[in-house]
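From a predicted model like this one, the values you see are computed outputs, not experimental measurements. Keep in mind that the numbers below use all heavy atoms, side chains included, and drop hydrogens, waters and symmetry copies.
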Amino acid sequence: MKHIDIKDILNDKTYLGKTVTVCGWVRTFRDSSQVAFLELADGTCFSRLQAVVDKNAVVLGSECSKTGAALCVTGEVVKAFKGDGVELNAKDVQLLGKCPPEYPIQKKRTTLEFLRGIPHLRLRTNTFTAVFKVRSVAAQAIHRYFHEHGYYYINTPIITASDCEGAGEMFRVTTQPYGAKCASEAEYYQNDFFGQKAGLSVSGQLEGEVAATAFSKIYTFGPSFRAENSNTTRHLAEFWHIEPEVAFAELPDIIEIAEEMLKYVIRAVLDECAEEIGFFDSFIEKGLKEKLLGVVNSQFAVCDYTEAVELLKKADAKFQYPVEWGCDLQTEHEKYLTEVIFKKPVFVTNYPKAIKSFYMKQNADGKTVAATDLLVPGIGEIIGCSEREADLEKLLTAMKERKMDVNAYKQYLDLRTFGSVPHSGFGLGFERFVMYVTGMENIRDVTLFPRSVNNIM
Ligand code: 4AD
Ligand code: MG
């Protein structure tokens, strides 16, 4: 259908005085004896276009005024009666698809919780139009950042035999029929599609390391899957994961890259989504724009885990989980550090090795690893990052301590045999990042069709 995007009509002054055709859905309808006002949205931008219908000159079918109806309107672009924008003097209004009154997106009932029950329709609201514009702009900016900095974009397998994080949170992939008769677990997997146990990848890191030790700088941007039984506002069973991996880089180098990349992407969102950020600032998180400007214009904090534990122990706060050196930081601790103590994003570095993954570089103290989590106010961890253990013997020791099947990681270990180099990488949870820049508080509200425990709508 020949038509013009509403975004273009609103932003491009050359349409003024021209006759155009637009398509979209009715957001609101107001009526008087002579004139009717239709607000149309087509999702190409946050704003809507008002079509003014002279009822004496234009036939307006009764279905055309219903919220949610799809219309095709032809008319002249004129200066708006109010404000300095434009509106459409309708000459012809065609109904493309009617929308009966059961349409669930009526003004009164649109709480975020209610909208979670209609994921296929909620995108037609202001909030979700803004969220997905920001999400799209951020994704493009992430690709641009890495492309401009000479990284290869690689795609790592989704089906895999190795559990990168070793946390036993892999979804299994199988074609074995229900009730398959097998004498043992080994036989069960032998008879399965791949002849061994397979699952959905929790991270592309291990394959990312393979590529980085050939191309120096790579990144992945794809889905990761975690069968975590945690029903929280920041966990999904399927999330999008950005994982750069850089050869000849140690922990301070990768920290610098992570900070630079985040600032680049936030700047892009501020530049390209001014209207959406304004909306979030007014209706979702007061002060959001200030916060983001503060982030791009200041340096992130860096704090050693040992020091973080001391700060938390001295904190004037009641935590549900006690803090001791050696414990994993809980969300309440992460939020306290970043929201109360540092009041900005903070890299917590050098965690105890016992609570972190096998692949992390072991520090000389014998107790900690060269790993960092980036914590941000409102969310907690958005990045998990580390220098990788490049020494074959040390890596083998860490794997054996964790009772891992060393034979299953032969290729990974080969990287330490053939031209091993210091290298580092991180994983950014894309949805958590989108939460941070929009102020949305529930990860289910920044994902098209969120998957979580007992939820696959
Ligand atoms: O900290 P994680 O588990 O680190 C890794 O997977 C490393 N292999 C990354 C790397 O070094 N290449 O996960 C990285 C990030 C977390 O900080 C978080 O933002 C996000 O992925 N994440 C989740 N996001 C949503 N739902 C979940 N269940 C998530 N689990 C991790
Ligand atoms: Mg982590």
Side-chain angles (χ1 to χ4, degrees), residues 154 156-173 184-186 189-190 194-214 218 220 224-228 241 243-251 254 305 325-329 349-373 381 383-427:
I154 61 153
T156 51
I158 287 172
I159 302 177
T160 175
S162 52
D163 179 358
C164 170
E165 292 306 306
E169 288 164 348
M170 283 230 292
F171 283 101
R172 256 173 40 206
V173 172
S184 64
E185 198 180 333
Y189 292 122
Q190 263 161 29
F194 295 103
Q196 66 181 92
K197 191 172 176 178
L200 297 178
S201 179
V202 300
S203 159
Q205 178 195 324
L206 302 189
E207 296 86 354
E209 287 185 52
V210 169
T213 49
I218 66 93
T220 70
S224 284
F225 306 87
R226 305 234 170 144
E228 266 171 298
H241 208 172
E243 295 186 278
E245 191 69 34
V246 185
F248 319 109
E250 296 169 324
L251 190 67
I254 197 75
Y305 168 88
W325 197 96
C327 76
D328 206 355
L329 299 182
T349 57
N350 302 314
Y351 283 83
K353 68 175 183 184
I355 56 167
K356 287 290 186 185
S357 301
F358 73 97
Y359 52 73
M360 295 176 175
K361 184 185 165 66
Q362 297 156 39
N363 286 330
D365 62 12
K367 296 189 300 194
T368 60
V369 284
T372 184
D373 283 355
E381 177 193 341
I383 279 181
C385 173
S386 64
E387 183 171 342
R388 319 309 190 187
E389 183 53 73
D391 181 279
L392 180 63
E393 289 313 315
K394 286 187 181 161
L395 183 57
L396 281 169
T397 308
M399 293 174 80
K400 284 174 191 156
E401 277 168 8
R402 288 167 177 77
K403 303 202 169 23
M404 292 171 67
D405 175 10
V406 172
N407 294 323
Y409 292 81
K410 180 163 183 322
Q411 296 176 349
Y412 188 69
L413 294 168
D414 269 357
L415 304 182
R416 276 73 182 166
T417 306
F418 305 120
S420 188
V421 294
H423 62 289
S424 304
F426 66 83

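With N350 as the fixed residue, the side-chain hydrogen bond (donor to acceptor under 3.5 Å, both in side chains) test singles out one of N363, D365, T368: N363.
Proximity of a side-chain donor or acceptor of T160 to a complementary backbone N or O of S162 within less than 3.5 Å is detected. The backbone N or O of V202 sits less than 3.5 Å from a side-chain atom of S224, completing a donor-acceptor pair. R416 places no side-chain N or O within donor-acceptor distance of the main-chain N or O of L396, the cut-off being under 3.5 Å.
Remark: D163 CG to L200 CG distance equals 11.5 Å, nearest 0.5 Å. Between atom OG1 of residue T156 and atom CD1 of residue I218 there is a gap of 8.0 Å, rounded to the nearest 0.5 Å. Atom CD of E387 and atom OG1 of T372 lie 12.5 Å apart (nearest 0.5 Å). Considering OG of S424 and CD of E209, their distance stands at 9.5 Å, rounded to 0.5 Å. With rounding to the nearest 0.5 angstrom, the NE2 atom of H241 is 5.5 Å from the CZ atom of R226. We find the CZ-OH distance between R388 and Y412 to be 6.5 Å, quoted to the nearest 0.5 Å.
At least one side-chain heavy atom of K367 sits under 4.5 Å from a side-chain heavy atom of W325. A heavy-atom distance below 4.5 Å is found between the side chains of Y409 and L206. No side-chain heavy atom of H423 sits under 4.5 Å from any side-chain heavy atom of L415. Looking at K400 and V406, their side chains come closer than 4.5 Å, going by heavy atoms from C-beta outward.
Nearest heavy atoms, Q362 versus L395: NE2-N, 4.3 Å. Closest of all the heavy-atom pairs between A390 and S420 is O-OG, 2.6 Å. Residues A161 and Q196 come closest through the heavy atom pair CB-NE2, 3.4 Å. Closest non-hydrogen pair, G425 versus E245, comes out as CA-OE1, 3.6 Å. Among all heavy-atom pairs drawn from I355 and G326, the shortest one is CG2-O, 3.4 Å. Summarising the geometry of D373 relative to Y351, their closest heavy-atom pair is CB-OH, 3.3 Å, with the distance given to 0.1 Å.
Between the side chains of Q205 and Y359, a donor-acceptor pair is found at a separation under 3.5 Å.
For E401, the CD atom counts as densely surrounded, since its 6.0 Å shell holds more than 12 non-hydrogen atoms of other residues, nucleotides or ligands.
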